[in-house]
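Working notes, beginning with the structure itself.
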Amino acid sequence: MFHSIISQCLNSPTVTLSQARQAHATILKLNLFSDTHFTKRLLSLYSNNLCFPETNHILHSLPQPTLFTFSSVIHSFARSNLYHHVLQIFSHLGSRDLVPDGYLLPSAIKACASLQALKPGRQVHGFVLVSGYGLDSVVMSSLIHMYLKCDQIGDAHKLFDRMPDRDVVVWSAMIAGYSRRGLVDKAKELFSEMRDEGVEPNLVSWNGMVAGFNSNGSYVEAAMLFRMMLSEGFLPEGVTLSCVLPAIGQLEDTVMGAQVHGYVIKQGLKTDKFVVNSLLDMYGKCGCALEMSQVFDEADQTEVCFLNAFLTGLSRNGLVDTAVQVFEQFKDEGMELNVVTWTSMIASCSQNGKDLEALEFFREMQADGVEPNAVTIPSLIPSCGNISALTHGKEIHCFSLRKGFFDDVYVGSALIDMYAKCGRIQLSRRCFDIISAPNLVSWNAIMSGYAMHGRAKETIELFHMTLQSGEKPDRITFTCVLSACAQNGLIEEGWHYFNSMSKEHGVEAKMEHYACMVTLLSRVGKLEEAYSIIKEMSFEPDACIWGALLSSCRVHHNLSLGEVAAEKLFLLEPNNPGNYILLSNIYASKSMWDDVNRIRDVMKSKGMRKNPGYSWIEVGRKVHMLLAGDKSHPQLKEILEKLDELNMKMKKSGYLPKTSFVLQDVEEQDKEEILCGHSEKLAVALGLLNTGPGQPIQVIKNLRICDDCHAAIKFISSLEEREIFVRDTNRFHHFKDGVCSCGDYW
DNA sequence: AGAAACGGAA
């Protein structure tokens with residue numbers, strides 16, 4: 001009686017899972033399990049409902065399961081992408097003395113591919129060979145896909161070579177496999193081989209090629225291939241466009257960009273999310289802010305990824321303020337902003353001198369409940385370095401450790417730079433040492449750190465370690481090495497590395513390298529040699545080059561070359577008062593007062609004032625900006641009193657204020673500044689007032705530190721027994737016990 | 001079989 005009830009229940013087309021479970025329990029209770037009709041029916045009910053434990057249990061308890069039973073169960077789970085279960089069931093075949101067939105093998109292989117499970121994949125491959133399906137084309141192409149998914153292109157290719165008839169699908173897969181790994185030459189080879197064998201490439205084959213060139217950085221080739229496929233009559237799909245648009249953006253090919261945009265409209269691809277995003281990105285990179293805004297305005301305004309691309313594009317085009325406005329507007333309208341949106345804003349700020357704003361965005365995003373990720377951190381850290389906000393920098397370092405970003409090379413490299421810019425070169429070095437796989441950026445960061453601290457020996461040592469590590473040095477590497485040489489007057493080494501750049505390392509000398517050499521030679525007084533390098537350059541020297549020559553001419557009182565350099569600078573930077581002041585300093589040193597007055601008159605007629613000097617100092621968690629002559633600081637009275645007191649003490653110890661007649665005369669308007677002192681002195685005084693005895697003081701300045709402040713701070717460091725770090729535009733000055741780490745050579 | 005938006009160094 002029970003038998004027929006159970007039978008009725010299980011065979012009903014409307015049987016539910018819970019009914020099946022009840023029937024199962026009854027079968028077990030009545031010991032009816034040997035009835036294969038019931039068990040098979042249960043098995044199919046469980047596997048169709050994807051109940052893995054029950055399915056597995058029944059499979060195990062079947063006395064003599066057939067391959068068909070296994071196949072149907074495996075296909076049920078495979079249909080629902082439950083690949084772990086597929087593999088688990090598949091692995092029991094052997095113990096039941098069953099050999100998989102040409103239908104079951106591809107399912108198992110596909111499961112391995114989807115899970116990127118190489119070990120089981122190889123085991124299944126073994127099964128294939130044993131069971132005699134080694135030349136089955138379906139099985140072979142599944143294996144090829146599996147090896148490609150598992151990043152074993154060599155194994156894939158071995159199979160591919162042995163395949164008897166290869167269809168366009170397997171060709172395309174191999175092409176994409178090579179091109180995704182950047183092996184575009186191999187991809188190209190296969191592409192033409194395929195045609196030779198009479199297999200015509202389809203859209204997918206072309207897409208793979210274009211994508212490969214794009215991700216490989218071969219942008220010209222990517223664009224060329226795109227044109228070729230058009231000329232062969234292919235109608236690119238959205239995917240193709242999102243491969244070629246980034247390349248067009250990199251090439252800043254406005255014309256081609258507009259053509260593709262036209263094609264997008266014609267083909268009705270304006271609803272494709274990827275295409276629209278790539279268009280925004282492309283216009284942003286091409287400097288077409290207007291076109292980009294048009295695309296954005298016409299796009300779905302509720303899509304946050306469009307907003308993200310738009311914001312990045314705006315700030316890339318120097319429109320950071322607009323980006324902030326747009327951001328605020330969408331935020332107020334209740335748009336759901338994600339971590340990309342916030343990170344993008346933080347990066348825009350830190351890359352555009354809005355460092356305090358970057359810190360504020362970081363705080364705000366967390367208050368808004370958006371968790372910073374491993375991309376957010378390295379976008380923010382440069383801001384701490386830029387303003388020497390060591391306390392903030394350390395806090396963010398701790399934050400990133402709490403988040404578990406221990407060995408992220410991006411975070412690590414950003415920290416190296418940040419600590420170096422905050423004057424803590426030892427901490428910087430420690431961050432470098434714990435990176436398990438430093439890349440060129442990490443090496444460059446630590447070299448630049450040592451270079452800005454004037455430590456040429458370590459910089460050069462690290463340069464050789466970079467070479468040993470197998471990284472190929474780039475132009476930044478050489479800028480670090482050469483600037484270290486320049487700061488230390490290492491003529492011989494400087495020439496050596498400069499000459500080796502293109503000869504041994506294939507790095508062409510650019511403006512910044514010539515600038516280092518001009519600085520190096522002219523600082524030590526080899527002004528003519530510096531000038532002849534400038535004349536030998538194959539491109540027009542820029543203001544940095546002439547500026548380096550001019551300031552050395554001032555140091556070495558060389559009037560004739562100084563005038564040459566100044567003439568060039570007046571054309572290149574007509575509104576930079578610094579150049580006029582330097583030239584007038586040279587005239588003054590030669591007592592040529594008529595010329596001094598002439599320069600002053602030119603400056604007056606142009607309405608030029610000296611660039612405002614300002615300095616930053618972090619006191620506790622607050623970053624103060626001090627402007628020369630600015631009376632707004634709440635502690636100004638105390639600061640001036642402190643400076644007065646220091647002045648008295650310093651004079652007793654032998655300090656002579658280095659006032660220059662010229663500067664005072666030129667800047668009659670800036671009496672206040674002279675009264676209040678330079679911003680770096682104000683900042684040092686503020687630091688002394690607000691920190692405990694013996695605490696180090698850290699200041700940064702937007703201009704080069706002046707002779708007088710340099711001399712004064714040396715005295716202050718010994719009188720007050722403080723370590724004082726001053727970072728100017730050029731390098732670090734580490735004052736301790738009355739001496740500076742630069743050895744007065746800067 | 002194929003795709004993209006945010007990131008680090010001078």
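Naming: A, B, ... by sequence-line order, numbering from 1 per chain.
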Exercise. Taking only residues at least two apart or on different chains, which pairs with a member in residues 138-149 of chain A satisfy side chain to side chain donor-acceptor pair (under 3.5 Å)?
Worked result: H125(A)-Y147(A)
Exercise. Are F399(A) and F362(A) near enough that their ring centres are under 6.0 Å apart?
Worked result: yes
Problem set entry | Partner residues of Y219(A) under the ring-ring contact (aromatic ring centres under 6.0 Å, His included) criterion, sequence neighbours left out | none
For this session: Could you list by number each residue of residues 448-460 of chain A showing a heavy-atom separation from DNA chain B of less than 4.0 Å, or answer none if no residue does?
Result: S448(A)
Problem set entry | ring-ring contact (aromatic ring centres under 6.0 Å, His included) partners for F432(A), two or more places apart | W443(A)
For this session: Would you please name every residue forming a side-chain hydrogen bond (donor to acceptor under 3.5 Å, both in side chains) with R429(A), sequence neighbours left out?
Result: D433(A), Y450(A)
Restricting both atoms to N or O, compile the protein contacts to nucleotides 3-5 of chain B shorter than 3.5 Å, with distance only.
| from | atom 1 | to | atom 2 | distance (Å) |
| --- | --- | --- | --- | --- |
| dA5(B) | OP1 | D281(A) | OD2 | 3.4 |

Exercise. Got a sec, which residues hit ring-ring contact (aromatic ring centres under 6.0 Å, His included) with F405(A), two or more places apart in sequence or on another chain?
Worked result: none
Exercise. For DNA chain B, what residues of residues 379-389 of chain A have any heavy atom nearer than 4.0 Å?
Worked result: S379(A), P382(A)
For this session: Please collect all salt bridge (charged side-chain N to carboxylate O under 4.0 Å, His left out) contacts where either partner lies in residues 410-421 of chain A, sequence neighbours excluded, each pair once.
Result: D417(A)-K421(A)
Exercise. For Q325(A), what residues pass the side-chain hydrogen bond (donor to acceptor under 3.5 Å, both in side chains) criterion, not counting sequence neighbours?
Worked result: none
For this session: Using ring-ring contact (aromatic ring centres under 6.0 Å, His included) as the criterion, list what pairs up with F406(A), not counting sequence neighbours.
Result: none
Problem set entry | Residues within residues 470-484 of chain A bordering DNA chain B, heavy-atom distance below 4.0 Å | D474(A), I476(A)
